[in-house]
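One structure below.
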Amino acid sequence: MLDINTKQLKKNAFRITKERGKTAVRIRVPGGNMHVKFFSVIQEIAEKYGNGTVHITTRQGFEIPGIDMKNMPDINKMLQPIIDGLEINQEAPGCGYPASGTRNISACVGNAYCPYGNYNTGELAKKIEKAVFPHDRHVKIAVTGCPNDCIKARMQDFGIIGMTEPQYDPYRCVGCQACVKNCKKRATGALKFENFKVVRDHSKCIGCGECVIKCPTGAWTRSEEKYYKLVIMGRTGKKNPRIAQDFIKWADEESVIKIILNTYEYIEEYIDKEAYQGKEHIGYIVDRTGYQEFKKWALKDVNLGPKAEVAQTINW
Amino acid sequence: MLDINTKQLKKNAFRITKERGKTAVRIRVPGGNMHVKFFSVIQEIAEKYGNGTVHITTRQGFEIPGIDMKNMPDINKMLQPIIDGLEINQEAPGCGYPASGTRNISACVGNAYCPYGNYNTGELAKKIEKAVFPHDRHVKIAVTGCPNDCIKARMQDFGIIGMTEPQYDPYRCVGCQACVKNCKKRATGALKFENFKVVRDHSKCIGCGECVIKCPTGAWTRSEEKYYKLVIMGRTGKKNPRIAQDFIKWADEESVIKIILNTYEYIEEYIDKEAYQGKEHIGYIVDRTGYQEFKKWALKDVNLGPKAEVAQTINW
Amino acid sequence: MENVYIPFSSRILEIKQHTDIDYTFKMEYRGEVKPGQFFEVSIPKYGEAPISVCEIGDGYVALTIRRVGVVTNEIHNMKVGDRLFMRGPYGNGFDIDIYKGKEIIVAAGGTGLAPVKGIVDYFASHPEEAKSFNVLMGFKSPKDILFRESIENWSKTIQTTLTVDRADEGYTGNTGLITNYVKTVEIENADEAQVIVVGPPIMMKFTVQEFINRGIKEENIWVSYERKMCCGVGKCGHCKIDDTYICLDGPVFNFTQAKHLVD
Amino acid sequence: MENVYIPFSSRILEIKQHTDIDYTFKMEYRGEVKPGQFFEVSIPKYGEAPISVCEIGDGYVALTIRRVGVVTNEIHNMKVGDRLFMRGPYGNGFDIDIYKGKEIIVAAGGTGLAPVKGIVDYFASHPEEAKSFNVLMGFKSPKDILFRESIENWSKTIQTTLTVDRADEGYTGNTGLITNYVKTVEIENADEAQVIVVGPPIMMKFTVQEFINRGIKEENIWVSYERKMCCGVGKCGHCKIDDTYICLDGPVFNFTQAKHLVD
Amino acid sequence: MGFRMDVERFDELLTELQKNYRIYAPVLLKGKGRYSETDTIRYAEINSIKDVVFDKKSVFSPKEVILPITQTLFYFTEDNVIEPKVDEKNILIFLRSCDIHAVKRLDEIYLRNRFADSYYAALRTKVKFVLMECEKSFENCFCVSMGSNRTDEYDLFVRLEDGKVYVESKNETFDGLFKDEENAEVSPKFVLENETVVKIPENLDQRVFKSKMWDEYDERCIACGRCNFVCGTCACFTMQDIFYKDNPNAGERRRVWASCMVDGFTDMAGGHSFRKKYGERMRFKVMHKVYDFNKRFGYHMCVGCGRCDDICPEYISFANAVNKLNDAMKEVE
Amino acid sequence: MGFRMDVERFDELLTELQKNYRIYAPVLLKGKGRYSETDTIRYAEINSIKDVVFDKKSVFSPKEVILPITQTLFYFTEDNVIEPKVDEKNILIFLRSCDIHAVKRLDEIYLRNRFADSYYAALRTKVKFVLMECEKSFENCFCVSMGSNRTDEYDLFVRLEDGKVYVESKNETFDGLFKDEENAEVSPKFVLENETVVKIPENLDQRVFKSKMWDEYDERCIACGRCNFVCGTCACFTMQDIFYKDNPNAGERRRVWASCMVDGFTDMAGGHSFRKKYGERMRFKVMHKVYDFNKRFGYHMCVGCGRCDDICPEYISFANAVNKLNDAMKEVE
């Protein structure tokens, strides 16, 4: 006789599956990076309690299906080394993953080894994990190292896109225009060639850093400061899938985290109290209150740097 | 003295990293499902040749970084059991993964165990893998079980979204309106309550099957046929990220695969021959030739079923 | 076997409008019927609704119908001479004999006056059959007052107290909740006085409590319940509370039983 | 140390337009200069361009300049009396003594006529110094023909053959590629005849081949090369082919050397 | 009397029976489960014993055979009221002991409880029961606790075993049918033990309404009504009057199953309603099944088939709720 | 003459030297590498020996000290041509043996080859070399193969070891500077072996142009020019004339480094260009470094510093290309 509180089960990172009494455990890996030693744990769970398979999720985690619901406490105990190793915020040891509303903070590899990454996405993902988890509100956050957006930050409620402000040393520029041509072809055409040197149009520049990568003489280098573009309220789904739009360009890391935390307060204020299982998706809340109200809450006590540009209005 | 053909390296599913002479190997897992026994292989590669860590990619694969380029042949040999196990199309045994242009066919769990999945996404992913791999053209394909679109099919060149055509038995309907309310709230409001029974507006119906799931009396059931919505030419990236738009609704599986194969022929015809490394992204080709030309090629010799609806025009 | 769901058709003899949404239909009917009983009234293709009898007369019953839904809305479009479908009467109704010779107090809130109107009519016509008869009537506002004519007639033979929750311009009568007027009723012998309370659930709850506070015995308090009903014959299940079917065992209950009816 | 990059300024004495885009500028200049040599001509803030000498005279050199870029475009805006900046002459130029007393054939394609014009001018004025003198000139179309006046004058003393790739209305002369006319040239003693070929790379390649086919010895064939140059003095590297700097070691080469110059 | 025969022979007899009977049994509906590529088991007419699913519990109970989900009461044509024709054939239902007990509950409501329901009666009187035995208790069954694990109120008993059909006939109607068949000792085995055991407190009464146990269900229950619809004893219905879209002069009055868990069950035309909290609905249902029905009719409504526990999408266990009443009574005493 | 001193003392002498010298050395530029959070090593003026990166190869060679990346040749103000002022100070460059050899190549082009370049000469004559020794061969170095692993053409040699600075002075200019310092036996060690060995075929000539070996680079090379820009011997430049945006009456003529690998290197004003294929450019470069320079000047241009191999984003090895010439010559012979 199973008498299972499905809401608690879901909040404990298990899922209700098609098969009665069977669950799948979700292993969230913030930022997608992990030591392979934890693979043994996953292997053991899948072989001992599951059906021997694992699904790699699009948010960079694992799902081990075919687990009897009655084994959930055992699984939670087995997960502890992973939870410790990944430094997951947990409510109590041995109780498994504590959240399901806010999704895994996913991240491309970022500057860990990708040439295009403008910052350490894995670290930022973990920092955000520390700041917001566990949380039941339905918020999707992803961090990506550059505007190539391999993580598909534009399909998230918060997409954090790494930027660098390219620094130009005209003395080192030989006018090969590698940067200019590349920027036009692959980015936004923010570079012009004038008087045999390059002029950057800051308003067009997306901070991808491709000019730095392409420059054969080191005339372009990265800014000491790291910048972030925060894009918001993208979503897939049945109702009206849409791409996230630019909220702030040239933001700093601290502000980005603060804005996310502020947004959770905004959610508490405005969420539809009638929403099924308190699961109103943040995007729909913003649809209801309008962007200006969201902005007001999001930017509360945020000290944006002098370069930051906040969107006056957003039409999704 | 490293003298490495980077194009070949990339086509062999390794990557150029920030660190000179170090590579990361990419392990593509079509559909994201694998037996955990292969975890041992990944573990061994990471511990013996890499830095002990692994990155879980957003396309459902693994990247093992920190590998000396000179060890690539060894790694390829070690990967063979995975390649065999996942039935990856390979050019020759022991030579590793053979493609880099066309990305891993990614998939949500689909009806393997997700209650919302309308078909076996893992199987379709493998079928497409078999049909198109290896291929160097830059095409992103993802399959998702339902319009919730957990895999973010709307950010792909081809997003395949599972549909079912709900079958209604008015005799079993007690008029609780669970389906009607849910469809309005979570889907597209395709259901109306008339004369104490439910009327479905086919033109609004996205085939999500939620009505079937919500119906407490079994009045709604799934169609015997499985249907697919094919959405196309979504993308992230620096230039103009955009969401994929509906190309065909209520398509059949065979047609979908044929359309993808046709598109590769279209690419060969229209790709910018000057494109850097032959890497013009399919979306930009369609931008150039226009939708009608794409459509002509895509639908060549395709026998769509009677329910299929092809978009007359698409504005991305 | 008799098909209890088959309605008979009945001609509308007279229509009287009380308020914007309350009309009384005098329906052709010959047969046994008691105050407090109800009929399932229907217009085919629109639906059925349980309606209390508010007046019983020779060859007719009167039904006060508030326009609150599809069926009642359609009924309000009917004209004298048109036919409604009916089945019933259902329920137990009030047993007038219980009250005879007693101090009687009826407290009715809003449309709750309809099911007890037959009782009041009876004693207003036969004031000598009661030791005393008080009727307290509460309505939300002056424009919601039902049976104005009857009330005026009643006041000639029995004690009537009319109050509205909110007065409006031109209204000079009592205001305030009906519970406030329970204390004003003169009761000679609280042990034997009979009280009938009918109205919205919240009104009934507090009004009964007031009477108990006045020393009325629970077994001398009577209430009438309104619940959703689809059949009227103990099948559809909507009106069941605990082991009690309002349609079969009520709608009139002695408070000793009613107090256990927790939805 | 002398700064070889410093230009001198020179007055424009005369401007002659040949075609829409080809003008000849007669520049004030006194000094040694040979046909086939070039100057780096510049307008400060616009840039420098290597330009062949097309005519050498007393106190002047003439430069034929095609409008093909920023600098030449700007030069075309200049008027007589304005000043250009120049440095040079650079390069080896043609050594007229080599050709004297020989059968001489000059084949020039398009602007390739400019660097050899000095040679032709010389022998047209001194036809007696050559055993014979043939000049073959090819242009794309009649409107591209340069030095029309000179050509007319030359035809009085030496053999001239003018052809265009594509005729247009009103043109009645030869058509076809210059290579077709190589066979028409009368050569008495192929062993000793001297041939100068200047023009676009493709024209030079096939024309030289035609002459070799006619039995002309490689060591009697001379070509002049045009390459990108920034300095003219063997530093910038753009004009280098193999170990040869066109600016220093050319632009005039005997074909025995030139045939090894693979870009 | 017991008989033994081949499947083929049995199916011949079935065909014979079909002349006078519609024969209903639990069948497998491929792909008609709630989720993609899942099946379901529901009652439907069969043509062969091979259609009958013996080894699994049906999702819905057999009640829909005698209490149709949607049932037309009358047709209206302008001012006429016309009752639908009743099918002439009799009915055979393959069902289990618990379900036979359940029908007894339906009879209590529909044939007795002051009025008899002619629509129900019309079908019910046609019905004969074919008992299916339970080799072993299914998941969530607690028939033993509810005393519904055994019955002798059946007309036929049928067992399919190793390609043979064993039939016990207790109704002489069928004597002729089986007279040529091989005799055999056939009698049903009954489940004597369930994994799930339910204990209804002896002192259970309305005081338990005050227990905190119900609060849990406010959050967990989604008020979908599945527990009612699959239940063999739930008997509630709602009336519906409609016009035909093709001709608004014609229409019908019908009834459909209702659920005390679903929004609207208590809604009155004026707007008032009761039991808004899902925990209250749970309480109403539980108490009906194991308290107040008993109070009115002298035996418990619930037959312990466990279908409500099988179906609940939120994994709420009715059986466990009943067992929680014990602690709840201690809490409120 | 050799000396030994503390770092602090050496830095004092450095300060003393700065009165007359600009002192250049390879320094670490934090975060200025091509990729995020990567560093780079480039030549820059130093103020302390601690600024000098001894243990890694600089990405760019020291050539930029004497052959600036962007160098103004004249200023134009309306009709006047004005040469820029030459900095009065002399120049000290910390560099390795291979780089000293490389400067000799630059000298060949810029001071000789018919004309002398006054701009180069002006800087070059101010330069004194401070030799840095290579404790061991760095990755991709093949100086031994090119004979540039040793030199005695330096003015000072400086070694930093265990917190002490060892200096050898070979130029009497510095006699006064070090006269009070502790004497020590100091002389540079030179690398005698590289992991990378390059063998230039003895019969190498233009026939190798026909080899298929170049085709590979059509695909692999991206013509970015990095190999040229980091090279200590590449000497090409391009001229640029500009107007100042603030005053179009004034402007300048300048030169910037050019690369034979980059598009435009051979583009003539009329539109014609040569070596469109990247393999042809690779061939041109390789042959210049190990064939035609030698033909013209009597020794190879390449000094084997390996910077081209260090930098190539496509992992093309110049050294390996040179070695492939051996097979290529066999192919075309």
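Model, not experiment: these values are computed from the prediction. Order of the sequence lines sets the chain letters (A, B, ...), proteins ahead of strands, with each chain counted from 1.
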Exercise for review: Please work out which of the three classes, parallel, tilted or perpendicular, describes the rings of C:Tyr5 and E:Phe237, given edges at 30° and 60°.
Suggested key: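 Because their plane-to-plane angle is over 60°, the rings of E:Phe237 and C:Tyr5 count as perpendicular.
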
Practice prompt. Give the ring-plane orientation class for E:Tyr75 versus E:Tyr244, where under 30° counts as parallel, over 60° as perpendicular and anything between as tilted.
Written response: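 Plane angle between 30° and 60°, so tilted.
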
Contact class of [X] relative to chain C, heavy atoms under 4.5 angstrom:
{"X": "E:Tyr120", "answer": "neither"}
{"X": "E:Phe243", "answer": "both"}
{"X": "E:Tyr119", "answer": "side chain"}
{"X": "E:Met287", "answer": "neither"}
{"X": "E:Phe284", "answer": "side chain"}
{"X": "E:Ala250", "answer": "backbone"}
{"X": "E:Arg281", "answer": "neither"}
{"X": "E:Ile109", "answer": "both"}
{"X": "E:Phe293", "answer": "neither"}
{"X": "E:Phe274", "answer": "side chain"}
{"X": "E:Ala116", "answer": "both"}

Q. If you measure from CG on E:Asp218 to OH on E:Tyr278, what distance do you get to the nearest 0.5 Å?
A.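 It is 10.0 Å, given to the nearest 0.5 Å.
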
Identify which of [options] forms the greatest number of heavy-atom pairs closer than 4.5 Å to chain C.
{"options": "E:Met239, E:Glu83, E:Arg253", "value": "E:Arg253"}
{"options": "E:Arg283, E:Gln240, E:Glu252", "value": "E:Arg283"}
{"options": "E:Val81, E:Leu73, E:Thr238", "value": "E:Thr238"}

Margin query: C:His18 and side-chain contact (heavy atoms from CB on, under 4.5 Å): which single residue from C:Thr64, C:Leu113, C:Ile145, C:Thr111 fits?
Written below: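 It is C:Thr64; the other options fail the test.
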
For E:Ile93 versus E:Pro62, what's the shortest heavy-atom pair and its separation?
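Looking at all heavy atoms of both residues, the shortest contact is CG2-CB, 3.8 Å.
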
ask   = Do we see a donor-acceptor contact under 3.5 Å between the side chains of C:Asp242 and C:Thr244?
value =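 No pair is found: no donor N or O on one side chain lies under 3.5 Å from an acceptor on the other.
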
